[in-house]
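Comments concern the structure below.
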Amino acid sequence: MKFEHIDSNIIVSDLTCFDLGLTLDCGQAFRWQQKGASCWHGVAHGRALDICQEEGLLIFKNTSPEDFENVWKVYFDLERDYEALCRAFVLQDAGLRAAVEAYPGIRLLRQEPWEALCSFIISQNNNIPRIKGIIERLCQNFGDHLGGHDYAFPSAQSLAGLTVQDLAPLRAGFRAKYIIDAAQKVAGGQVLLENLKNTESSLARTELQKIKGVGPKVADCALLYGLGHTAIVPEDVWVKRILAEDYPEGFPQVEEDARGIAQQYLFHWKRMGRTESAKLKMAKGKGQIT
DNA sequence: GTCCAGGATCGGA
DNA sequence: TCCGATCATGGA
(Lines give C-alpha, C1' and ligand atoms only; values in the text may rest on other atoms or scores of the structure.)
Protein backbone atom coordinates (compact mmCIF):
# COMPACT_ATOMS: atom_id res chain seq x y z
CA MET A 1 0.00 0.00 0.00
CA LYS A 2 1.33 3.41 -1.00
CA PHE A 3 -0.03 6.76 0.12
CA GLU A 4 0.82 10.40 -0.29
CA HIS A 5 -0.28 13.60 1.38
CA ILE A 6 -1.55 16.23 -1.06
CA ASP A 7 -3.09 19.42 0.33
CA SER A 8 -5.31 18.17 3.16
CA ASN A 9 -6.01 14.84 1.48
CA ILE A 10 -4.39 11.45 1.86
CA ILE A 11 -4.35 9.55 -1.40
CA VAL A 12 -3.87 5.81 -1.28
CA SER A 13 -2.83 4.03 -4.46
CA ASP A 14 -1.73 0.49 -5.16
CA LEU A 15 -4.70 -0.82 -3.21
CA THR A 16 -6.30 -4.01 -4.52
CA CYS A 17 -9.38 -5.85 -3.39
CA PHE A 18 -11.10 -2.82 -1.90
CA ASP A 19 -14.61 -1.65 -2.71
CA LEU A 20 -15.48 1.35 -0.55
CA GLY A 21 -19.24 1.27 -1.12
CA LEU A 22 -19.58 -2.46 -0.46
CA THR A 23 -17.43 -2.24 2.64
CA LEU A 24 -19.41 0.62 4.16
CA ASP A 25 -22.85 -0.67 3.19
CA CYS A 26 -22.74 -4.43 3.68
CA GLY A 27 -24.41 -4.49 7.09
CA GLN A 28 -21.40 -4.27 9.40
CA ALA A 29 -21.40 -0.52 10.08
CA PHE A 30 -24.39 1.77 10.34
CA ARG A 31 -23.11 5.34 10.29
CA TRP A 32 -21.89 5.90 6.72
CA GLN A 33 -23.86 7.88 4.16
CA GLN A 34 -23.25 7.86 0.44
CA LYS A 35 -22.53 11.28 -1.07
CA GLY A 36 -22.60 11.13 -4.84
CA ALA A 37 -21.47 8.20 -6.92
CA SER A 38 -18.19 7.33 -5.24
CA CYS A 39 -17.99 9.29 -1.98
CA TRP A 40 -19.09 8.59 1.57
CA HIS A 41 -19.34 10.60 4.75
CA GLY A 42 -19.25 9.21 8.26
CA VAL A 43 -17.94 9.42 11.80
CA ALA A 44 -15.73 6.96 13.65
CA HIS A 45 -13.37 7.34 16.59
CA GLY A 46 -14.88 10.77 17.19
CA ARG A 47 -13.70 12.02 13.80
CA ALA A 48 -15.74 12.93 10.75
CA LEU A 49 -14.40 11.77 7.41
CA ASP A 50 -15.16 12.27 3.73
CA ILE A 51 -13.75 9.47 1.64
CA CYS A 52 -13.92 8.77 -2.09
CA GLN A 53 -12.86 5.94 -4.36
CA GLU A 54 -12.01 7.02 -7.88
CA GLU A 55 -10.02 5.24 -10.58
CA GLY A 56 -8.39 2.83 -8.22
CA LEU A 57 -7.45 5.55 -5.75
CA LEU A 58 -8.77 5.91 -2.25
CA ILE A 59 -8.96 9.55 -1.20
CA PHE A 60 -9.26 10.50 2.47
CA LYS A 61 -10.42 14.10 2.49
CA ASN A 62 -9.70 16.72 5.12
CA THR A 63 -7.75 14.49 7.40
CA SER A 64 -4.23 14.59 8.78
CA PRO A 65 -1.35 12.17 8.30
CA GLU A 66 -1.57 11.43 12.02
CA ASP A 67 -5.25 10.49 11.87
CA PHE A 68 -4.66 8.45 8.75
CA GLU A 69 -1.85 6.51 10.41
CA ASN A 70 -3.44 6.09 13.81
CA VAL A 71 -7.13 5.81 12.99
CA TRP A 72 -8.18 5.23 9.40
CA LYS A 73 -5.47 2.81 8.32
CA VAL A 74 -6.58 0.55 11.12
CA TYR A 75 -10.33 1.20 10.75
CA PHE A 76 -10.34 0.24 7.07
CA ASP A 77 -8.02 -2.73 7.71
CA LEU A 78 -5.66 -1.45 5.01
CA GLU A 79 -2.72 -3.59 6.04
CA ARG A 80 -4.42 -6.97 5.74
CA ASP A 81 -3.72 -8.81 2.49
CA TYR A 82 -7.25 -9.23 1.14
CA GLU A 83 -5.95 -10.21 -2.28
CA ALA A 84 -4.38 -13.34 -0.85
CA LEU A 85 -7.41 -13.92 1.34
CA CYS A 86 -9.90 -13.73 -1.53
CA ARG A 87 -7.65 -15.82 -3.76
CA ALA A 88 -7.79 -18.54 -1.13
CA PHE A 89 -11.58 -18.20 -0.72
CA VAL A 90 -12.12 -18.66 -4.45
CA LEU A 91 -10.03 -21.82 -4.48
CA GLN A 92 -11.44 -23.26 -1.28
CA ASP A 93 -15.17 -23.21 -1.87
CA ALA A 94 -17.71 -22.78 -4.67
CA GLY A 95 -20.11 -20.63 -2.61
CA LEU A 96 -17.32 -18.33 -1.47
CA ARG A 97 -16.14 -18.14 -5.05
CA ALA A 98 -19.57 -16.97 -6.16
CA ALA A 99 -19.75 -14.45 -3.31
CA VAL A 100 -16.27 -13.03 -3.93
CA GLU A 101 -16.83 -12.82 -7.68
CA ALA A 102 -20.23 -11.12 -7.28
CA TYR A 103 -19.12 -8.67 -4.59
CA PRO A 104 -15.33 -8.32 -4.61
CA GLY A 105 -13.62 -5.89 -2.30
CA ILE A 106 -15.62 -6.21 0.92
CA ARG A 107 -13.39 -5.53 3.92
CA LEU A 108 -13.94 -6.14 7.58
CA LEU A 109 -13.97 -2.78 9.35
CA ARG A 110 -12.23 -2.60 12.72
CA GLN A 111 -14.80 -0.62 14.65
CA GLU A 112 -14.62 0.70 18.19
CA PRO A 113 -15.59 -1.93 20.74
CA TRP A 114 -18.30 0.06 22.50
CA GLU A 115 -19.88 1.31 19.29
CA ALA A 116 -19.96 -2.20 17.85
CA LEU A 117 -21.47 -3.68 21.01
CA CYS A 118 -24.09 -0.96 21.31
CA SER A 119 -24.94 -1.03 17.60
CA PHE A 120 -25.56 -4.77 17.57
CA ILE A 121 -27.64 -4.60 20.75
CA ILE A 122 -29.83 -2.22 18.76
CA SER A 123 -29.77 -4.57 15.77
CA GLN A 124 -31.63 -7.40 17.47
CA ASN A 125 -34.92 -8.35 15.81
CA ASN A 126 -34.60 -5.18 13.75
CA ASN A 127 -33.97 -4.18 10.13
CA ILE A 128 -30.95 -2.30 8.83
CA PRO A 129 -32.67 0.98 7.78
CA ARG A 130 -34.28 1.26 11.19
CA ILE A 131 -31.05 0.33 13.01
CA LYS A 132 -29.35 3.23 11.23
CA GLY A 133 -32.11 5.61 12.32
CA ILE A 134 -31.94 4.62 15.98
CA ILE A 135 -28.14 4.93 16.04
CA GLU A 136 -28.32 8.32 14.34
CA ARG A 137 -30.78 9.58 16.96
CA LEU A 138 -28.59 8.11 19.71
CA CYS A 139 -25.62 10.10 18.46
CA GLN A 140 -27.58 13.31 17.84
CA ASN A 141 -29.11 13.22 21.31
CA PHE A 142 -26.18 12.07 23.40
CA GLY A 143 -22.95 12.26 21.37
CA ASP A 144 -20.48 15.13 21.30
CA HIS A 145 -21.19 17.65 18.55
CA LEU A 146 -18.30 17.65 16.08
CA GLY A 147 -19.59 20.51 13.93
CA GLY A 148 -21.98 20.54 11.02
CA HIS A 149 -24.34 17.56 11.17
CA ASP A 150 -21.72 15.35 12.77
CA TYR A 151 -21.93 13.79 16.21
CA ALA A 152 -19.61 11.31 17.89
CA PHE A 153 -20.95 8.02 19.10
CA PRO A 154 -21.82 8.59 22.78
CA SER A 155 -19.48 6.95 25.28
CA ALA A 156 -20.66 4.28 27.70
CA GLN A 157 -19.94 6.75 30.51
CA SER A 158 -22.23 9.36 29.01
CA LEU A 159 -25.12 6.87 28.74
CA ALA A 160 -24.64 5.06 32.04
CA GLY A 161 -26.56 7.63 34.07
CA LEU A 162 -29.60 7.77 31.79
CA THR A 163 -33.00 6.14 32.21
CA VAL A 164 -35.23 4.31 29.76
CA GLN A 165 -37.37 7.46 29.60
CA ASP A 166 -34.32 9.49 28.61
CA LEU A 167 -33.86 7.19 25.62
CA ALA A 168 -37.48 7.57 24.45
CA PRO A 169 -36.51 9.90 21.56
CA LEU A 170 -34.53 7.04 20.03
CA ARG A 171 -37.71 4.94 19.58
CA ALA A 172 -35.55 1.91 20.23
CA GLY A 173 -38.39 -0.03 21.84
CA PHE A 174 -37.49 -2.85 24.24
CA ARG A 175 -33.80 -2.37 23.41
CA ALA A 176 -33.52 0.87 25.44
CA LYS A 177 -33.13 -0.97 28.74
CA TYR A 178 -30.43 -3.14 27.17
CA ILE A 179 -28.45 -0.09 26.01
CA ILE A 180 -28.51 1.30 29.53
CA ASP A 181 -27.45 -1.97 31.15
CA ALA A 182 -24.58 -2.28 28.66
CA ALA A 183 -23.48 1.31 29.32
CA GLN A 184 -23.56 0.75 33.09
CA LYS A 185 -21.60 -2.51 32.97
CA VAL A 186 -18.99 -1.12 30.57
CA ALA A 187 -18.62 2.24 32.30
CA GLY A 188 -18.61 0.58 35.71
CA GLY A 189 -15.90 -1.88 34.78
CA GLN A 190 -17.97 -5.09 35.19
CA VAL A 191 -17.26 -5.72 31.51
CA LEU A 192 -13.76 -4.66 30.47
CA LEU A 193 -14.12 -4.31 26.71
CA GLU A 194 -10.49 -3.51 25.93
CA ASN A 195 -9.32 -6.63 27.76
CA LEU A 196 -11.59 -8.80 25.64
CA LYS A 197 -9.49 -8.08 22.55
CA ASN A 198 -6.89 -10.44 23.98
CA THR A 199 -9.23 -12.87 25.69
CA GLU A 200 -10.00 -16.28 24.23
CA SER A 201 -13.21 -16.00 22.20
CA SER A 202 -15.53 -18.26 24.18
CA LEU A 203 -14.47 -16.64 27.47
CA ALA A 204 -14.94 -13.19 25.95
CA ARG A 205 -18.38 -14.21 24.71
CA THR A 206 -19.39 -15.30 28.21
CA GLU A 207 -18.20 -11.98 29.60
CA LEU A 208 -20.26 -10.00 27.07
CA GLN A 209 -23.35 -12.08 27.84
CA LYS A 210 -23.33 -10.69 31.39
CA ILE A 211 -25.07 -7.72 29.80
CA LYS A 212 -28.87 -7.90 29.59
CA GLY A 213 -29.97 -8.20 25.99
CA VAL A 214 -26.65 -9.62 24.87
CA GLY A 215 -26.98 -13.23 23.76
CA PRO A 216 -24.63 -15.31 21.63
CA LYS A 217 -25.29 -13.49 18.37
CA VAL A 218 -24.86 -9.93 19.64
CA ALA A 219 -21.81 -11.01 21.62
CA ASP A 220 -20.28 -12.54 18.49
CA CYS A 221 -20.91 -9.36 16.49
CA ALA A 222 -19.13 -7.32 19.15
CA LEU A 223 -16.24 -9.79 19.03
CA LEU A 224 -15.97 -9.81 15.23
CA TYR A 225 -16.62 -6.17 14.40
CA GLY A 226 -15.29 -4.42 17.49
CA LEU A 227 -12.79 -6.66 19.21
CA GLY A 228 -10.77 -8.15 16.37
CA HIS A 229 -11.91 -11.76 16.77
CA THR A 230 -11.87 -12.47 13.05
CA ALA A 231 -12.43 -16.22 13.47
CA ILE A 232 -15.95 -15.65 14.80
CA VAL A 233 -19.03 -16.29 12.62
CA PRO A 234 -22.12 -14.66 14.19
CA GLU A 235 -25.19 -16.77 13.47
CA ASP A 236 -27.98 -14.39 12.52
CA VAL A 237 -31.01 -15.25 10.40
CA TRP A 238 -29.00 -14.88 7.18
CA VAL A 239 -26.09 -17.05 8.27
CA LYS A 240 -28.60 -19.65 9.47
CA ARG A 241 -30.15 -19.59 6.01
CA ILE A 242 -26.72 -19.93 4.42
CA LEU A 243 -25.92 -22.92 6.61
CA ALA A 244 -29.30 -24.56 6.04
CA GLU A 245 -29.56 -23.97 2.30
CA ASP A 246 -25.95 -24.00 1.12
CA TYR A 247 -23.80 -25.65 3.78
CA PRO A 248 -25.70 -28.46 5.52
CA GLU A 249 -22.32 -30.04 6.29
CA GLY A 250 -21.12 -26.90 8.07
CA PHE A 251 -19.40 -23.59 7.35
CA PRO A 252 -16.80 -23.86 4.57
CA GLN A 253 -13.23 -24.69 5.54
CA VAL A 254 -11.08 -21.59 5.42
CA GLU A 255 -8.16 -20.41 7.48
CA GLU A 256 -9.29 -20.07 11.08
CA ASP A 257 -8.73 -16.32 11.39
CA ALA A 258 -10.50 -15.67 8.06
CA ARG A 259 -13.81 -17.30 8.98
CA GLY A 260 -15.45 -14.05 10.05
CA ILE A 261 -14.34 -12.35 6.84
CA ALA A 262 -15.66 -15.23 4.74
CA GLN A 263 -18.91 -14.84 6.68
CA GLN A 264 -19.15 -11.20 5.59
CA TYR A 265 -18.89 -12.15 1.92
CA LEU A 266 -21.47 -14.93 2.24
CA PHE A 267 -23.80 -12.74 4.33
CA HIS A 268 -23.87 -9.97 1.73
CA TRP A 269 -24.17 -12.41 -1.16
CA LYS A 270 -27.12 -14.21 0.43
CA ARG A 271 -28.86 -11.02 1.49
CA MET A 272 -28.54 -9.44 -1.97
CA GLY A 273 -29.74 -12.63 -3.61
CA ARG A 274 -32.85 -12.74 -1.49
CA THR A 275 -33.45 -9.02 -1.88
CA GLU A 276 -33.13 -9.22 -5.66
CA SER A 277 -35.48 -12.19 -5.97
CA ALA A 278 -37.97 -10.43 -3.70
CA LYS A 279 -37.84 -7.30 -5.88
CA LEU A 280 -38.36 -9.43 -8.95
CA LYS A 281 -41.37 -11.09 -7.33
CA MET A 282 -42.83 -7.68 -6.45
CA ALA A 283 -42.33 -6.42 -9.99
CA LYS A 284 -44.01 -9.49 -11.43
CA GLY A 285 -46.92 -9.06 -9.03
CA LYS A 286 -47.40 -5.49 -10.21
CA GLY A 287 -47.25 -6.56 -13.83
CA GLN A 288 -44.04 -4.63 -14.48
CA ILE A 289 -42.33 -7.80 -15.65
CA THR A 290 -43.94 -10.57 -17.65
C1' DG B 1 -53.23 -5.07 6.75
C1' DT B 2 -49.48 -8.56 7.05
C1' DC B 3 -44.99 -10.17 7.52
C1' DC B 4 -40.58 -9.68 9.15
C1' DA B 5 -36.22 -7.69 10.79
C1' DG B 6 -27.90 -9.05 11.55
C1' DG B 7 -32.45 -11.87 18.85
C1' DA B 8 -32.98 -12.31 23.76
C1' DT B 9 -35.72 -13.23 27.62
C1' DC B 10 -39.07 -15.44 30.25
C1' DG B 11 -42.30 -18.89 31.80
C1' DG B 12 -43.98 -23.34 31.38
C1' DA B 13 -43.58 -28.11 29.71
C1' DT C 1 -33.04 -28.48 28.70
C1' DC C 2 -36.19 -27.16 25.21
C1' DC C 3 -39.92 -24.52 23.16
C1' DG C 4 -43.13 -20.91 22.14
C1' DA C 5 -44.91 -16.42 23.22
C1' DT C 6 -43.59 -11.90 23.75
C1' DC C 7 -41.06 -7.85 23.34
C1' DA C 8 -41.44 -2.07 20.36
C1' DT C 9 -41.15 -0.21 16.17
C1' DG C 10 -41.50 0.59 11.46
C1' DG C 11 -39.60 -0.98 6.67
C1' DA C 12 -41.20 -3.45 2.72
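In the text below, chain A, chain B and the rest are named by the order of the sequence lines, each starting its count at 1.
Atoms CD1 (A:I131) and C1' (C:dT9) sit 12 Å apart, rounded to a whole Å. In this structure, CZ of A:F30 is placed 12 Å from C1' of B:dA5, rounded to the nearest angstrom. Taking atom CZ of residue A:F120 and atom P of nucleotide B:dA5, one finds them 16 Å apart after rounding to whole Å. Between A:K132 atom NZ and B:dG6 atom P there is a gap of 11 Å when expressed in whole angstrom units. Between the NZ atom of A:K177 and the C1' atom of C:dT6 there is a distance of 10 Å, rounded to whole Å. Whole-Å rounding puts the A:R175 CZ to B:dG6 C1' distance at 12 Å. Counting to the nearest Å, the P atom of C:dG10 and the CG atom of A:L170 are 12 Å from each other. A straight line from CD1 of A:I179 to P of C:dA8 spans 14 Å, rounded to a whole angstrom.
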Just do the salt bridge (charged side-chain N to carboxylate O under 4.0 Å, His left out) check on A:R107 and A:D77 with the steps written out, would you?
-> CA-CA 7 Å; A:R107 290 195 170 221; A:D77 209 15; 5.8 Å; no
Quick one: do A:F76 and A:F60 satisfy ring-ring contact (aromatic ring centres under 6.0 Å, His included)? Show the steps, please.
-> CA-CA 11 Å; A:F76 286 99; A:F60 293 76; 5.7 Å; yes
Evaluate the salt bridge (charged side-chain N to carboxylate O under 4.0 Å, His left out) criterion for residues A:K270 and A:E245: first the C-alpha distance (whole Å), next the side-chain angles of each, then the deciding distance (0.1 Å), finally the verdict.
-> CA-CA 10 Å; A:K270 193 70 173 179; A:E245 296 173 11; 2.7 Å; yes
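For the disulfide (SG to SG under 2.5 Å) condition, no pair includes a residue of residues 79-155 of chain A, sequence neighbours left out.
For C:dT9, its base sits under 3.5 Å from the side chain of A:R130 at one donor and acceptor pair at least.
Side-chain nitrogen and oxygen atoms of A:R171 include none within less than 4.0 Å of the OP1 or OP2 phosphate oxygen of C:dA8. In this model, the phosphate group of B:dC4 is not approached by any side-chain N or O of A:R271 to a distance below 4.0 Å at OP1 or OP2.
At the heavy-atom level, A:P234 lies under 4.0 Å from base atoms of the strands shown.
On the P atoms, C:dG10 is 23 Å away from B:dT9, given to the nearest whole Å. Atom name C1', nucleotides B:dG6 and C:dC2: the rounded distance is 24 Å, in whole Å.
The hydrophobic clustering, which links ILVMFWY residues whose side-chain heavy atoms are closer than 4.5 Å, places A:L108 and A:F251 together.
When every heavy atom of A:G27 is checked against every heavy atom of A:F267, the shortest pair comes out as CA-CE2, 4.4 Å.
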What one-letter contact string describes nucleotides 7-13 of chain B from 5' to 3', where B marks a base within less than 4.0 Å of any protein heavy atom, S marks contact via sugar-phosphate atoms alone, and - marks no contact?
-> BSS----
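Under the 4.0 Å criterion applied to side-chain N and carboxylate O atoms, A:K217 and A:E235 are not assigned as salt-bridge partners.
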